[in-house]
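Below is one structure, written out as structure tokens; comments come after it.
Counting convention: from 1, in listed order, for ligands and their atoms alike. The figures that follow rest on heavy atoms only: side chains count, while hydrogens, waters and symmetry mates do not.
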Amino acid sequence: MSEKELEQVSEAEIAVHWQEEEVLYPSAQFIAQANMTDADIYERFSLENFPQCFKEYADLLSWYQYWQTTLDTSDAPSWKWFVGGKINACYNCVDRHLPKYKNKAAILYVPEPEHEPHLALTYQELYVRVNELAVLLRDFAGLKAGDRVTLHMPMVPELPITMLACARLGIIHSEVYGGFSGTACGERIADSGSRVLITIDGYYRSGKLLDHKENADIAVKVAEEQGQTVEKVLVWRRYPGKYVSDTPMLEGRDHFMDVVLGDYVGKRIDPLPMRAEDPLFIMYTSGTTGKPKGCLHSTGGYLAYVTGTSKYVQDIHPEDVYWCMADIGWITGHSYIVYGPLALAATSVMYEGVPTYPDAGRAWRIAERLDVNIFHTAPTTIRMLRKAGPDEPQKYSYQFKHMTTVGEPIEPAVWRWYYDVVGKGRAVIVDTWWQTENGGFLCSTLPALKPMKPGSAGPGVPGIHPVIYDEDGNEIDPGIGKAGNICIRNPWPGAFQTIWGDRERFISTYYEKYCKDKKSTDWRDWPYFAGDAAVQAEDGYFRILGRVDDVINVAGHRLGTKELESACLTVLEVAEASVVPLADELKGRVPDIYVSLKPGYEPSRELQGKIVEAIEVSIGKIARPKHVYIVPDMPKTRSGKIMRRVLAAISNRSDIGDVTTLANAEVVEEVRRMVQGDG
Ligand code: PRX
């Protein structure tokens, strides 16, 4: 093995392996009502018909001005779709539904405390609240098209209201997942250059009313240290009129949203026609370096793509009650709780809290009560619900027609529980593979047209043409059982346009690897490198194995190992840190931490605690490691690089392989004993 190969470890290497599975077919009942039953769609979206095929998605939207150019490649690989077109995302998600659906629920909100009443926000009410807020953002906060504003909000109805109010005026929202720490939020404020932070005083999580305002104060401080001043902090209140946080408001900087909104009652403002390629939002995600990447998504292309895929992959009709249990703080929530479903005039359910709170039946009680018929969640949640109450679903009389899984590979056994027990053997399942960068689904079956195969995402969705390349750029044929790097041959309208402020990283991370000619403006020269390993079966279905880079997928959330390692290095005593993915029954993967100490310091429980705390402060509780091992030294190559692969093998009790060429081979056995015991 080369030194480089020795150093590297990818999740794919420790991926669970399973057999080829039997396929299952959708019911006649599902097919009879499905939005897409025309098998010709694959032909219409073939590469021969690219890029014009995507007109079919753009035509699902209302445009102020129709576009002239379907795909402009002149600034490759920042693809611009529907150029010349003018559109507003908020108009498409709200205003245009009023004539027909004003009195229909747009959002059904379920608070975590079970005794609190649900909220049904009609399209008319959403229209009113979005308008009032948009005027406030312009007149009180001084925001205008192209400005960035950071949102650090949990699952409350004010979150989609704020996003849509921004979209109405072309203000670029950057929502940071509510569970991220104040520090993580502050870094994202600084990177995006936001002058305004929108947050909330508190929210419920597992029965506890958390103080969220304290994160805002930390975020503003961290942003300031990084050179970005936050002029205004707008604080929603979980209970308008009553402040539930212990953190004081700062006179002049902090304002209660419900109080300020009092001046905007009944105000209206027309949506601003935006160019299709104008940005709609930034969504940060983790990568191989410590710095998160701000994925910049466009207005027209993104909205067309999430609307098309919501209609055909999610099978959403306006009369459906659709519940995606993701958090809006992640891309899944942006695309498939807010923009896609609302563009289709669906009723989108939002739940504040933990699916198993106060007991394993909660999710199913919500489904029964609201008569949800489309359900969408991640394998981690499915595993958690199965563990907490495998027999719970049958106690409730909900009936799903359609279920989605997203975010991580799903084991066939877990898939079957989802199908048999949650779906009661009648709901179709789509396993959707995609990423923050992509805007919407890349691989999935179309539910009425292709059979389901447990553990496989399926073929590319219409208009997406995946290919697996080996390290040298040779195509790997389907059906030979060989894994490689999954790439997409062609651009698609949902793809992000760049990394905010870092075009070079955008190109080098996603396009350089297999680019044939960096000067080319022909899209054929720029396959998109997803960073996942996959195998393609004979039937064309893709099975995603996991990341090939330094990213760990924890419970469907992306964490960069470098981010975790830098958090460890903030602890004074720590000399070196290395983070590896440990396979976990519930969460898929969890981080395992190895650190060595500076001379003169001794390992202790207290120090381990300090390291965990440093991670929670830098990133948030989602990054909490399973173990922190304080080791005498890290296994290293002769050139001094830490051998993550060896540490990962030790954590996962897999084959450590040949380590004789290491600089300090004896350390490997010492560390192994420490982790695995003497056996
Ligand atoms: O490794 C893949 C995994 O999640 C990564 C993307 O994470 P994120 O950007 O946070 O987006 C998650 C929700 C879209 C991918 O690189 N992943 C996502 N969906 C699947 C998956 N792995 C296997 N099967 C999936 N369906």
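Remark: minimum distance from atom 19 (N) of ligand 1 to any protein heavy atom is reached at Gly407 N, 3.1 Å. Looking at atom 13 (C) of ligand 1, its nearest protein heavy atom turns out to be Thr332 OG1, 3.5 Å. Summary of contacts: the protein heavy atom closest to atom 8 (P) of ligand 1 is Arg558 CD, 3.3 Å.
With ligand atoms numbered from 1 in the order given, ligand 1 contributes 22 (N), 23 (C), 24 (N) to contacts under 4.0 Å with heavy atoms of Pro409. For ligand 1 and Asp532, the ligand atoms under 4.0 Å from any heavy atom of the residue are 1 (O), 2 (C), 15 (C), 16 (O). Short contacts between ligand 1 and Asn553, defined as distances under 4.0 Å to a heavy atom of the residue, involve ligand atoms 3 (C), 4 (O). Atom numbering of ligand 1 starts at 1 in the shown order; those under 4.0 Å from a heavy atom of Ile544 are 22 (N), 23 (C).
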Determine whether Thr405 and Ile429 satisfy the following criterion, side chain to side chain contact (heavy atoms under 4.5 Å, CB included), listing intermediate values before the conclusion. CA-CA 7 Å; Thr405 161; Ile429 295 182; 4.0 Å; yes

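In terms of N/O distances under 3.5 Å, ligand 1 is not approached by Thr405. Inclusion of Glu437 in the set of residues having an N or O under 3.5 Å from an N or O of ligand 1 is not warranted. Where the criterion is an N or O separation shorter than 3.5 Å, residue side chain and backbone included, His557 fails it with respect to ligand 1.
Of all the heavy atoms of Gln435, the ones lying under 4.0 Å from any atom of ligand 1 are found in both the backbone and the side chain. Residue contacts with ligand 1 for Ala457 are absent, since no atom lies close enough (heavy atoms, distance under 4.0 Å). Contact annotation for Thr436 and ligand 1: heavy atoms of both the backbone and the side chain come within less than 4.0 Å of the ligand. At a 4.0 Å heavy-atom cut-off, ligand 1 touches Thr432 through the backbone alone.
Between the side chains of Gln435 and Tyr528, at least one donor-acceptor pair of N or O atoms lies under 3.5 Å. Between the side chains of Glu408 and Thr380, a donor-acceptor pair is found at a separation under 3.5 Å. No side-chain donor from either of Lys291 and Tyr284 sits under 3.5 Å from a side-chain acceptor of the other. Arg148 and Ser194 share no side-chain donor-acceptor pair at under 3.5 Å.
Using the six-membered ring where Trp is involved, Phe281 and Tyr339 have ring planes that are parallel, under 30° apart on the 30 and 60° scheme. By the 30° and 60° cut-offs, the orientation of the rings of Phe496 relative to Phe506 is perpendicular.
Remark: Lys626 NZ is loosely packed, at most 12 non-hydrogen atoms of other residues, nucleotides or ligands lying under 6.0 Å away.
For atom 18 (C) of ligand 1, the nearest non-hydrogen atom from the set Trp330, Phe441, Trp434 comes from Trp434.
Taking all atoms of both residues into account, the shortest heavy-atom contact from Met350 to Val156 is CE-O, 3.2 Å.
Side chain of Glu112 to backbone of Val354: a donor-acceptor contact under 3.5 angstrom is found.
Residue Ala530 places every heavy atom at 4.0 Å or more from ligand 1. The closest approach between Gly531 and ligand 1 stays at or above 4.0 Å for every heavy atom of the residue.
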